[in-house]
Engineer: 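Can you read through this structure? Questions will come right after.
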Amino acid sequence: MSESVRVRFAPSPTGHLHIGGARTAIYNWAYARHFGGTFVLRIEDTDPERSTEENTQAIIRAMEWLGLDYDEGPGVGGSYGPYFQTQRAESYAEALERLKVEGAAYPCFCTPQELDAKRESARALGGFAGYDRTCRSIDAESAAARIAAGEPHVWRLKVPEDRGDIVFPDAVRGDVTFAADVVDDLVLVRTDGTATYNFAVTVDDATMAITHVVRGDDHLSNTPKQILIYEALGEKLPVFAHLSMILGADGKRLSKRHGATSVEAYRDMGYLPEAVMNYLALLGWSLDGETTVFSRETLAENFSLDRVSRNPAIFDDEKLEWLNGVYIREMSAEQLVDRIVPVLVDASLISADEAVTRRAWLLKLAPMISERLKRLDEVVPMVAFLFSDGIEIDEASRQKVLEKEGSGVALDACRAALATIPTFDAETIEAALREVPERVGVKPKVAFQAVRVATTGSTVSPPLFESLELLGREQTLVRIDAARPLATS
RNA sequence: GGCCCGUUCGUCUAGCGGUUAGGACACCGCCCUCUCAAGGCGGAGAUCACGGGUUCGAAUCCCGUACGGGCUACCA
């Protein structure tokens with residue numbers, strides 16, 4: 001029981017779930033699933049200025065979309081709740097009480113102004129700018145008297161004088177050492193009685209029995225402080241694992257400046273959750289150095305912290321796109337249609353009702369576009385020509401193809417063939433068109449491209465014969481007729 | 001400023017004392033082909049940040065330097 005792995009993802013709802021946070025969540029999820037452990041979601045909403053309920057919901061939505069199911073947390077409950085930091089004030093108060101009783105915490109009456117001044121002068125001397133422990137020497141009675149008199153104060157951790165260097169084995173970075181004198185008597189509880197971040201996190205992780213703290217690199221420097229708190233509380237230390245940051249293409253920390261950074265933005269751009277998950281997993285972890293495409297199950301099976309990379313990784317949109325294409329190609333026609341319909345409806349190319357009645361038609365379309373799509377939203381420009389009544393012929397395509405010698409006769413011959421074939425399916429269409437070029441003395445490419453431009457408006461389109469079938473005979477002939485005057489000879 | 005972490009093709013990475021430094025994306029060429037893709041084959045691309053050690057031998061171990069990042073709050 002006490003052996004079982006308990007990990008947590010603890011986002012602060014000050015924004016949407018971003019790429020970096022998502023990767024942290026994925027690693028935690030994978031770690032828990034690998035060991036059959038428990039994955040906890042805890043919302044660190046203690047910043048009232050920036051935390052919103054809306055962001056909390058967005059984060060939960062994004063996690064659901066990625067398929068990161070958690071065993072304890074908002075909505076699912078669990079025996080270590082509540083899972084919102086703002087609802088855990090009691091446990092912080094209890095923890096402080098324990099520290100007071102043990103003499104591991106003391107009140108500090110220094111004002112912020114005094115502290116700023118001290119910090120400034122300490123830094124000017126070029127050294128460590130931690131708290132100078134002034135209030136530590138105030139005796140218990142006078143401290144109690146000052147508190148009773150209502151003097152504003154915070155509670156600080158009394159770091160043991162004899163505490164040596166703080167060394168801990170980080171599961172991804174190896175042993176990390178902090179000299180004893182760089183950790184000061186940090187504030188645990190503020191003047192207003194609320195817990196500081198380091199105190200809250202530590203108390204939460206301890207009381208929630210978290211065994212492995214897997215989080216971003218930005219918390220590495222907080223770790224010695226938290227270790228001291230664990231020790232003061234007499235709690236067992238978890239295993240720490242710090243993940244490197246994800247950087248933008250310019251090598252700077254990923255931010256809004258780099259464009260889309262939230263998971264939901266990627267969803268809206270037509271990325272599949274399994275692709276995003278796969279890509280993010282690969283950004284800082286490798287299965288064996290060879291395997292790049294793998295399912296979430298494979299990830300869970302193989303995930304281990306010792307294969308997590310120590311270097312920061314630059315986010316590469318192109319590789320994500322490629323991977324997304326891989327997943328799109330792997331889908332069945334049924335699956336692709338299911339994913340594509342909302343996009344088509346959204347773009348008003350088709351109504352939700354039509355999507356149902358024309359299901360068979362859509363199923364024929366799916367294989368034509370699946371190997372051409374990297375993102376779901378690319379389907380709109382790709383198939384728009386199938387939905388409108390008329391089309392506009394792209395000028396460059398017109399020049400390149402319809403001005404070519406022989407395009408006119410080819411169009412005439414193709415039109416005639418298409419008008420007379422008994423059935424208008426891809427196979428029959430192909431058979432009929434295949435014999436046209438030789439008969440009228442033009443190259444196949446010239447003839448087919450002429451038909452393509454006439455019917456789709458562009459030199460680039462899904463496969464021609466299949467496209468014509470889906471377009472239907474009537475519309476095909478109308479379009480060829482409309483384009484005919486634009487063709488040469 | 002102080003402390004901590006990091007540095008292998010453009011990018012993500014494999015490598016954990018002896019390899020022609022491997023794979024993937026991107027790029028280039030050829031093949032396939034009704035266009036575009038997809039696919040197949042091949043190519044180019046890394047003085048393993050730099051400088052010292054240790055060793056018969058170092059991308060791998062140690063020490064510096066440079067560069068990048070993080071923390072340094074009564075933010076999280």
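Numbers restart at 1 for each chain; the letters A, B, ... are given by sequence-line order, proteins then strands.
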Engineer: Which nucleotide in the list C34(B), U72(B), C25(B) gets nearest to the side chain of W322(A)?
Structural biologist: C25(B)
Engineer: Starting the side chain at C-beta, find the nucleotide from G23(B), A76(B), C3(B) nearest to S12(A).
Structural biologist: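 The answer is A76(B).
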Engineer: In this structure, is the centre-to-centre distance between the rings of Y27(A) and H212(A) below 6.0 Å?
Structural biologist: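 Between H212(A) and Y27(A), the centre distance exceeds or equals 6.0 Å.
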Engineer: The side chain of R119(A) is closest to which nucleotide in this list: C74(B), U35(B), G22(B)?
Structural biologist: C74(B)
Engineer: Does E274(A) come within less than 4.0 Å of R296(A), counting only side-chain N to carboxylate O?
Structural biologist: no
Engineer: What N/O pairs connect the protein and nucleotides 4-11 of chain B at under 3.5 Å? Give each pair on its own line.
Structural biologist:
{"residue": "C5(B)", "atom": "O3'", "partner": "R173(A)", "partner atom": "NE", "Å": "3.4"}
{"residue": "C5(B)", "atom": "O2'", "partner": "R173(A)", "partner atom": "NE", "Å": "2.9"}
{"residue": "C5(B)", "atom": "O2'", "partner": "R173(A)", "partner atom": "NH2", "Å": "2.7"}
{"residue": "G6(B)", "atom": "O3'", "partner": "N311(A)", "partner atom": "OD1", "Å": "3.4"}
{"residue": "U7(B)", "atom": "OP1", "partner": "N311(A)", "partner atom": "OD1", "Å": "3.0"}
{"residue": "U8(B)", "atom": "OP2", "partner": "N311(A)", "partner atom": "ND2", "Å": "3.4"}

Engineer: By nearest atom, which of the nucleotides C74(B), C34(B), A76(B) is closest to the V187(A) side chain?
Structural biologist: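 In terms of side-chain proximity for V187(A), the closest of C74(B), C34(B), A76(B) is C74(B).
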Engineer: Identify whether any heavy atom of S286(A) sits under 4.0 Å from a base atom; if not, whether one sits that close to sugar-phosphate; answer base, sugar-phosphate or nothing.
Structural biologist: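 Here S286(A) touches the backbone only, sparing every base.
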Engineer: Can we say D412(A) and R415(A) salt-bridge, meaning some charged N sits less than 4.0 Å from an Asp/Glu carboxylate O?
Structural biologist: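 A salt bridge is absent here (no side-chain N lies under 4.0 Å from a carboxylate O).
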Engineer: Nearest of C71(B), U35(B), A38(B) to any side-chain atom of K225(A)?
Structural biologist: C71(B)
Engineer: Under 4.0 Å between a side-chain N/O of R434(A) and OP1 or OP2 of C34(B), yes or no?
Structural biologist: yes
Engineer: Please work out if N222(A) contacts a base, only the sugar-phosphate, or nothing of the nucleic acid, heavy-atom cut-off 4.0 Å.
Structural biologist: base
Engineer: Which nucleotide wins on minimum distance to the side chain of M245(A), given the candidates G69(B), C12(B), A76(B)?
Structural biologist: G69(B)
Engineer: I'd like to know if E44(A) and R215(A) make a salt bridge, using a cut-off of under 4.0 Å between side-chain N and carboxylate O.
Structural biologist: no
Engineer: With a 6.0 Å cut-off on ring centres, are F315(A) and Y279(A) close enough?
Structural biologist: yes
Engineer: Please classify the nucleic acid contact of P224(A) as base, sugar-phosphate, or nothing, using heavy-atom distances under 4.0 Å.
Structural biologist: nothing
Engineer: Are any of R307(A)'s side-chain N or O atoms less than 4.0 Å away from OP1 or OP2 of C16(B)?
Structural biologist: no
